[in-house]
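The structure presented is a predicted model; accordingly, all values stated were derived computationally and were not measured. Proteins get letters first, then strands, A, B, ... in listed order; numbering begins at 1 in each.
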2 protein chains.
Amino acid sequence: MTTLSANEIVGRLKLHGLRVTPQRFAVYENLLNRIDHPTVEQLLVELNQAGPVSSQATIYNSLQALREVGLVRQVLLEEGVVRYDANVDPHHHFRCHSCGHIEDIPWEAFHEVVQSSLRPGLRPDRYEVTVMGTCDRCQPPEPQDAV
Amino acid sequence: MTTLSANEIVGRLKLHGLRVTPQRFAVYENLLNRIDHPTVEQLLVELNQAGPVSSQATIYNSLQALREVGLVRQVLLEEGVVRYDANVDPHHHFRCHSCGHIEDIPWEAFHEVVQSSLRPGLRPDRYEVTVMGTCDRCQPPEPQDAV
DNA sequence: TTGTATTTTAGAACTATTCTGACTTAAGAG
DNA sequence: CTCTTAAGTCAGAATAGTTCTAAAATACAA
């Protein structure tokens, strides 16, 4: 989670053949500087909080462009909710089914999961574990008490 | 994947406090008798192929009722596509990114995945692995040939 | 600078899902 | 069986998330 400078962000965009517009930059920068996985709605509100930066349509366009070059990806964990993530390295997700909190699980947490346990004929090239459970804030004070 | 008799299906519905209507029965029966995970659209078409059985609204209603009592669950693997699955036992999914084919991976395929590799504070109670790759039909004849 | 292909944008259009409200029905009680 | 009624069905309206349109603005190579 090293913070990138503006120049580095611009460099990345150009490296992938994208023109650097203020809107596109803002969307990507915002995604890079957060650990959660915001929805379009959240991006729209936050980017335009201190004055207008980007329209909704442009956020959709920017995300699509960023996605096409592989700088951003979607995260699908809840019904009808599409989230975006600038961490395109393989990693897993944890979702608290009490408060909805979502966080990354490092790739190394689960090792050797998909060795060769698949049926013959299937050729895997990527996998991802989604863990559902309860996060810190949603846990009862004394876990050993039966309720 | 043992096929259930009509009586067994009715029994299950009643057991979960659901009235047995022709539409609800048809939706659940259809889901039970297939291994893929259809969308509402697919259900609508197939159920009404040999004469009208259920309206779209009722399919949504039925799926919601079935979901509320835990007989059916959603499968979210692609953007904007919600699929339904009558296999509510924990299992994993494989998705071919070439043809979109989706199939179940038995629960036992990956064991001990989420032992205690999570950071302290997170309490897992369920997890699921999604494997992306290429299925039989989408593989080149001679895999060792570089293309 | 300038020229041009790309991008932005408001609003229209589209699509998946839920809601509404009148009609119908499953199934327990008598 | 028949009655009763809470629950279910359904067409069409409403809503929400996303994409499209086409006109104005702009990044950036020359």
Report task. Could you tell me whether Asp136(B) and Arg119(A) make a salt bridge, using a distance below 4.0 angstrom between a side-chain N and a carboxylate O? Result -> yes
Requested in this report: Carefully, step by step, assess His92(A) and Asp104(A) under the rule side-chain hydrogen bond (donor to acceptor under 3.5 Å, both in side chains).
Outcome: CA-CA 6 Å; His92(A) 309 293; Asp104(A) 286 355; over 6 Å; no
Query raised in the report: How long is the line joining CZ of Arg83(B) and C1' of dT17(C), in whole Å?
Result: 17 Å
**Report entry** Nearest-nucleotide comparison on DNA chain C, the residue closer to the 5′ end among Ser54(A) and Val40(B)
**Finding:** Ser54(A)
Report task. Answer yes if the ring centres of His37(B) and Tyr84(B) are under 6.0 angstrom apart, and no otherwise. Result -> no
Report task. Taking only Lys NZ, Arg NE, NH1 and NH2, and the carboxylate oxygens of Asp or Glu, determine whether Glu46(A) and Arg34(A) approach each other closer than 4.0 Å. Result -> yes
Query raised in the report: Of Val88(B), Leu13(B), Leu63(B), which meets side-chain contact (heavy atoms from CB on, under 4.5 Å) against Leu71(B)?
Result: Leu13(B)
Query raised in the report: What integer distance in Å separates Tyr60(A):OH from dT7(C):C1'?
Result: 18 Å
Report task. To the nearest Å, give me how far apart CD (Gln64(A)) and P (dT6(C)) are. Result -> 16 Å
Query raised in the report: Linking I/L/V/M/F/W/Y whenever their side-chain heavy atoms sit closer than 4.5 Å, directly or via other members, would Leu47(B) and Val20(B) fall into one cluster?
Result: yes
Query raised in the report: Is any NZ, NE, NH1 or NH2 atom of the basic residue among Glu78(A) and Arg83(A) found under 4.0 Å from an Asp or Glu carboxylate oxygen of the other?
Result: yes
**Report entry** Single-linkage hydrophobic cluster Leu76(A)~Met132(B), side-chain heavy atoms < 4.5 angstrom
**Finding:** no
Report task. Give the rounded distance in Å between these two atoms: CG of Leu18(B) and P of dG28(C). Result -> 13 Å
Report task. Go through His101(A) and Asp36(A) one step at a time and tell me if the side-chain hydrogen bond (donor to acceptor under 3.5 Å, both in side chains) criterion holds. Result -> CA-CA 8 Å; His101(A) 167 74; Asp36(A) 63 339; over 6 Å; no
Query - Between dA12(C) (P) and Gln56(A) (CD): distance, integer Å - result: 14 Å
Query raised in the report: Is there a side-chain polar atom (N or O) of Gln23(A) under 4.0 Å from OP1 or OP2 of dT9(C)?
Result: yes
Report task. Remember a base hit wins even if backbone is also touched, and classify Glu41(A) as base, sugar-phosphate or nothing at under 4.0 Å, heavy atoms. Result -> nothing
Query raised in the report: Of Ala57(B) and Arg24(B), whose closest DNA chain D nucleotide lies nearer the 5' terminus?
Result: Arg24(B)
Report summary line: Contact span of DNA chain D against chain B, any nucleotide atom under 4.0 Å from a heavy atom, 5' to 3', runs dA6(D) to dA11(D)
Query - Nearest-angstrom distance from the residue atom CG of Leu44(A) to P of dA10(C) - result: 10 Å
Query raised in the report: To the nearest Å, how far apart are Ile59(B) CD1 and dA16(C) C1'?
Result: 14 Å
Query raised in the report: If you look at every strand shown and take non-hydrogen atoms under 4.0 Å, does Val53(A) touch a base, only sugar-phosphate, or nothing?
Result: sugar-phosphate
Polar atoms only, N or O, under 3.5 Å: list the protein pairs with nucleotides 24-26 of chain C and their distances.
from, atom 1, to, atom 2, distance (Å)
dA26(C), N3, Arg19(B), NH1, 3.4

